**Q** 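Would you mind keeping the following structure in view while I ask a few things?
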Amino acid sequence: MTRDGERSPKKRLFIKTYGCQMNVYDSERMADALAPLGFAPVDAADGADMVILNTCHIREKAAEKVYSDLGRLRAAKQAKQAEGGRMVVAVAGCVAQAEGEEILRRAPMVDMVFGPQTYHRLPEMLAKVDRAEGAAGRARLVDTDFPVEDKFDHLPEARSAQGVAAFLTVQEGCDKFCTFCVVPYTRGAEASRPVASVLAEARRLAAGGVRELTLLGQNVNAYHGEGPDGREWGLGRLARALAEIDGIARIRYTTSHPRDLDDELIAAHRDVPALAPYLHLPVQSGSDRILEAMNRKHTAADYLRLVDRLRAARPDIALTSDFIVGFPGETDAEFAATLKLVDAVGFAGAFSFKYSPRPGTPAALAEAQVPEDVMDARLAGLQQLLAAQQEAFNRASVGRVLPVLIEKPGRKPGQLVGRSPYLQPVHIDGPESLIGRILDCRIDDLRAHSLFGAPAAPPEPERSVA
Ligand code: 5AD
Ligand code: SF4
């Protein structure tokens with residue numbers, strides 16, 4: 001055992017993360033917030049001192065899934081108690097925000113429920129629960145406030161990065177109120193982190209070996225953080241500043257709304273080589289009537305024009321998107337308009353979903369809900385088309401030379417895995433000393449969704465990135 005271990009035996013923390021990359025980032029920050037209290041992450045709930053379910057509410061019966069996971073946790077909590085220990089069970093994230101007290105009522109073994117705006121108060125909340133326990137009572141706590149204080153100002157600094165690619169939250173919340181979506185209710189109003197704070201975190205990550213940053217936000221291209229000059233900076237300007245940081249070679253951002261893709265951001269795609277030529281730009285539907293009913297605030301033609309402008313600015317840009325089939329009232333012809341848009345754009349990949357009524361959202365109240373079997377058939381048709389486009393895109397990579405950021409050792413000895421600008425996994429042979437380098441690789445083969453290749457030229461010794 002380490003000396004440190006002898007002095008302070010670590011408490012075991014298990015965090016289960018559901019849903020989006022924002023939650024992945026939040027889970028890491030929760031672990032960071034609890035580290036000073038002696039918590040170290042473990043990868044199973046059994047025997048843990050604290051379990052946090054970081055939940056997602058965006059689709060389907062997400063809340064039900066959390067309740068069934070909680071049911072399974074009960075045995076683990078009882079087993080821990082039988083050994084004379086204690087397991088604190090917490091529900092965080094968007095289900096916590098949406099359900100609040102209801103979770104305590106339905107799941108008696110839950111000790112804490114708290115929403116995404118409160119993670120910086122986690123040590124304080126845990127201390128309250130602990131104090132009650134010390135007094136032989138039990139405190140159960142719900143915190144789903146949207147505090148006026150800025151969560152970004154209070155979260156602990158990210159620990160030194162563990163890999164060559166890292167997430168960085170720059171924006172949170174959404175003011176768009178698409179009629180199907182819970183995000184504006186669970187994540188609250190749009191808020192941007194100040195530029196100086198983003199740059200400081202990015203510099204720290206770069207100093208720890210990070211080469212690629214993915215800027216996160218529910219509506220990330222609505223970013224309008226306060227700049228050091230006192231003015232508001234958009235995402236394009238932020239990307240330019242991030243690209244200047246020593247070591248940062250690639251920048252991505254997700255997820256964007258077509259309405260917020262402004263001229264400045266398109267110009268950044270033209271001018272900043274580090275900005276990956278790969279953009280997730282959800283369109284949801286190709287029907288103008290449905291887009292209007294969704295409150296997306298743009299038409300199918302607006303989207304196609306945007307795609308043309310992006311391609312003019314950065315000809316090698318590839319696009320991915322999100323789609324919803326079976327939005328209330330969607331007719332066959334309206335669904336066909338979505339297929340037509342997909343045909344017109346040619347996507348490198350996409351996520352597609354059956355519409356799922358979310359309590360509290362306007363669309364959930366619509367009477368003309370589309371029958372499940374119709375949604376199933378539409379989803380299958382759309383997914384077939386999207387899968388064919390993705391396959392064609394990946395196949396077209398074979399024979400090309402792509403810059404690959406080498407991320408980690410592969411499964412086979414001597415093999416390395418990296419990512420192309422298009423997030424495709426690329427396997428090459430080479431020594432681990434290449435991890436963190438961006439190598440031009442000739443792509444020779446495609447198997448499943450992975451590319452296989454070899455450095456196009458013998459890797460030169462790493463130049464100073466300064
Ligand atoms: N039903 C189905 N899909 C949804 N999404 C968001 N809300 C819903 C819903 N109620 C999808 C959208 C969004 C992605 C993150 O999830 O396509 O872009
Ligand atoms: Fe939800 Fe995205 Fe619409 Fe915001 S822009 S309401 S996060 S779908």
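Order of appearance sets the numbers: ligands from 1, and atoms from 1 within every ligand. Quantities reported herein were computed from a predicted structural model and do not represent experimental measurements. In this chain, residues are counted from 1 in sequence order.
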**Q** Do Tyr223 and Val170 come within less than 4.5 Å of each other through their side chains, counting heavy atoms only?
**A** yes

**Q** Within 45° of the ring axis of Phe114 and under 6.0 Å from its six-membered ring centre, is that where the NZ or CZ of Arg121 lies?
**A** no

**Q** Could you list the atoms of ligand 1 found under 4.0 angstrom from a heavy atom of Arg358?
**A** 10 (N)

**Q** Using a strict cut-off of less than 4.0 Å between a Lys/Arg side-chain nitrogen and an Asp/Glu carboxylate oxygen, indicate whether Glu102 and Arg105 qualify as a salt bridge.
**A** yes

**Q** Hey, is ligand 1 close enough to Asp322 that some N/O pair sits below 3.5 Å?
**A** yes

**Q** I need the protein N, O or S atoms closer than 2.8 Å to atom 4 (Fe) of ligand 2, given as residue plus atom name.
**A** Cys174 SG

**Q** Can you tell me how far the CG atom of Asp343 sits from the OG1 atom of Thr338, to the nearest 0.5 Å?
**A** 11.5 Å

**Q** Using side-chain heavy atoms (C-beta onward) and a distance below 4.5 Å, is Val51 in contact with Val88?
**A** no

**Q** Give the atoms of ligand 2, by number and element, whose distance to some non-hydrogen atom of Phe180 is under 4.0 Å.
**A** 8 (S)

**Q** Do Phe327 and Thr179 touch side chain to side chain, with heavy atoms closer than 4.5 Å?
**A** yes

**Q** Taking only heavy atoms of Ile58 into account, list the atoms of ligand 1 that are under 4.0 Å away from them.
**A** 6 (C), 7 (N), 8 (C), 9 (C), 10 (N)

**Q** Regarding Arg59 and the six-membered ring of Phe353, is the cationic atom NZ or CZ under 6.0 Å from the ring centre and inside 45° of its axis?
**A** yes

**Q** Thinking salt bridges, do Arg187 and Asp26 make one under a 4.0 Å N-O criterion?
**A** yes

**Q** Which bit of Phe180 gets closer than 4.0 Å to ligand 1, counting heavy atoms only: side chain, backbone, both or neither?
**A** both

**Q** For atom 2 (Fe) of ligand 2, find the nearest protein heavy atom and state the residue, atom name and distance (0.1 Å precision).
**A** Arg296 NH1, 4.3 Å

**Q** Counting non-hydrogen protein atoms only, what is the nearest one to atom 2 (C) of ligand 1? Give residue, atom name and distance.
**A** Lys354 O, 3.3 Å

**Q** Distance to 0.1 Å, residue and atom name: give those for the protein heavy atom nearest to atom 10 (N) of ligand 1.
**A** Ser356 O, 2.8 Å

**Q** Under the 3.5 angstrom rule, does the side chain of Lys340 hit a backbone N or O of Ser287 as a donor-acceptor pair?
**A** no

**Q** Among all protein heavy atoms in this structure, tell me which lies nearest to atom 11 (C) of ligand 1, with the distance rounded to 0.1 Å.
**A** Arg59 NH1, 3.4 Å

**Q** Mark yes or no: Arg12 above the aromatic ring of Phe39, with NZ or CZ under 6.0 Å from the six-membered ring centre and no more than 45 degrees from the axis.
**A** no

**Q** Could you tell me, atom by atom, which parts of ligand 1 come under 4.0 Å of a heavy atom of Gln284?
**A** 12 (C), 13 (C), 17 (O), 18 (O)

**Q** Should Glu264 and Arg237 count as an ion pair when the cut-off is N to O under 4.0 Å?
**A** no

